[in-house]
Number of protein chains: 2
Amino acid sequence: MARKTGSHSDITGPKVRRAAQRLFARHGYAAVSMRRIAAEVGVQAGALYLYTPDKQTLLFDLMRDHLLEVLEAWHAEAAPGGPAERLAALARFHVRFHLERPEEVFIAYMELRSLAPGNFAAIEALRRRYEQEFVAILEEGLAAGAFRLPDVRLAAMAVIAMLTGVTTWYREGGRLSRAEVAQIHADMALRMVQGGG
Amino acid sequence: MARKTGSHSDITGPKVRRAAQRLFARHGYAAVSMRRIAAEVGVQAGALYLYTPDKQTLLFDLMRDHLLEVLEAWHAEAAPGGPAERLAALARFHVRFHLERPEEVFIAYMELRSLAPGNFAAIEALRRRYEQEFVAILEEGLAAGAFRLPDVRLAAMAVIAMLTGVTTWYREGGRLSRAEVAQIHADMALRMVQGGG
DNA sequence: GTCTATACCCTGATAGAC
DNA sequence: GTCTATCAGGGTATAGAC
């Protein structure tokens, strides 16, 4: 229920986050000033500090919330099945999710070095948790003889890099739909780990 | 032959480039000031402008020279052979080259958005030329029936993303040598494009 | 070739009026 | 809740001495 007068805290807060997200994704954290974010929102620079203690926290919150959202979305969607089925499902999920949120993804991958040390550690821990989803499936498939891999962690990183790569070239309205792209990538991920090794 | 007095132009110039490369790779273009580059070199900020017209050109030159070097190195190494052999060779080359030059690679991938429009177009053209090396091999293999791909350009981008991913996790002195990592990635690249499609 | 000094603008963040 | 005004510091780039 929208209030009619007084506080805009519940409106301006999200607007600040969205503006920061768009600008950080497009120009990079270091290249974006608080004044520019404020201009995008339609307030003065000082007003931003009602919604975030500082610029660094703005970045950290965006990255943390994105990673928590990825983990939550995957846990909500993950279904039982053999390693091959589960890897294909995770690959499709990863591509779909990343294509639906290009800005969050871009920030999460590009701005790690803009994080203060403590924040960096927290984000890295979340990233590891997500990578572990891939590692676990690969280990299971390896033990079951379904996959052949010389090195599980290397394969996990290679699969993730391949899947994440879509964000660098995919454009809405191209030859292929997001679902088609997701399916093709899931097939490639499976072939990467199923062949001889 | 090092001169003993007077001009240091032939020494300081490369030092400026190397300092910029290290700092841009580590902290990002926008986060690095000319003063900091100068401090790294051991001169005052104003002196940098003897070696570059401005900061933007410093970045552009680093990226252009890196990409020209990649193209030249591959053309010097590329050997005749079937599509599978040539893809494997290109994959090994790509991984090896990228692991040997982590800073240049990092800048080339991360700082595209820091380029002025004209410079961006020039760098993009060079990147396309390199991507085209992959596309050409995949098209040849598809025509020869050696590869099965639903979409050549998508596969090329996926292979490149997978191969380039090594730079995000590989650390010197780990379990695997660079040559081992390159070989494993070449195998994965082949499997990605050879299976059913 | 490098220095100091400086022009001029933008930065993140805060204080206090309204 | 937002504004204006402001702070101290740092940004790129240039001018002119040596």
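Keep in mind that this is a model prediction, so the values were computed, not measured. Quick note on labels: first sequence line is chain A, next is B, and so on, each numbered from 1.
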Rounded to the nearest 0.5 angstrom, the CG-CE distance for A:L48 and A:M34 is 5.0 Å
What N/O pairs connect the protein and nucleotides 16-18 of chain C at under 3.5 Å? Give each pair on its own line.
none

B:Q44 atom CD is separated from D:dA13 atom C1', nearest whole Å, by 14 Å
Indicate whether the side chain of B:E133 and that of B:H75 have a donor and an acceptor atom separated by less than 3.5 Å.
yes
Rounded to the nearest 0.5 angstrom, the NE2-CG distance for B:H94 and B:L163 is 5.5 Å
Closest non-hydrogen contact found for A:A88 with A:L190 is CB-CD1, 4.2 Å
Do the side chains of A:R129 and A:E124 get close enough for a salt bridge, i.e. N-O under 4.0 angstrom?
no
The complete set of ring pair (Phe, Tyr, Trp, His ring centres under 6.0 Å) pairs with one or both residues in residues 165-193 of chain A, sequence neighbours excluded, reads none
Atom CG of A:L48 and atom C1' of C:dA13 are separated, to the nearest Å, by 11 Å
Sorted by chain and residue number, the salt bridge (charged side-chain N to carboxylate O under 4.0 Å, His left out) partners of A:R22 (sequence neighbours excluded) come out as A:E40
For the pair B:E180 (side chain) and B:S177 (backbone), establish whether a donor and an acceptor sit closer than 3.5 Å, ignoring hydrogens and angles. yes
Query raised in the report: A:F24 vs A:Y29 aromatic rings, parallel, tilted or perpendicular, using cut-offs 30° and 60°?
Result: perpendicular
Rounded to the nearest 0.5 angstrom, the CG-CD distance for A:L71 and A:Q132 is 11.5 Å
Note: B:V32 and B:K55 closest approach over all heavy atoms is O-NZ, 2.7 Å
Numerically ordered, the residues 53-60 of chain B set in heavy-atom contact under 4.0 Å with DNA chain D is B:D54, B:K55
Among D:dG1, D:dT12, C:dC3, the one nearest any side-chain atom of B:V43 is C:dC3
Under-4.0 Å side-chain N/O to phosphate OP1/OP2 contact, A:T12 with D:dT2: yes
Main chain of B:L59, side chain of B:E111: is a donor-acceptor contact present, judged purely on distance under 3.5 Å?
no
Under a 4.0 Å heavy-atom cutoff, the residues of residues 19-33 of chain A touching DNA chain D are none
A:Y51 OH to C:dA13 P, in whole Å, measures 17 Å
B:L50 CG to C:dT4 C1', in whole Å, measures 14 Å
Taking 4.0 angstrom as the limit, do A:R92 and A:E77 come out as a salt bridge? no
When rounded to whole Å, the CZ to C1' distance for the pair B:R36 and D:dG9 reads 16 Å
Rounded to whole Å, CD1 of A:I37 lies from P of C:dG12 at a distance of 8 Å
Short N/O separations, protein against nucleotides 6-9 of chain C, under 3.5 angstrom:
none

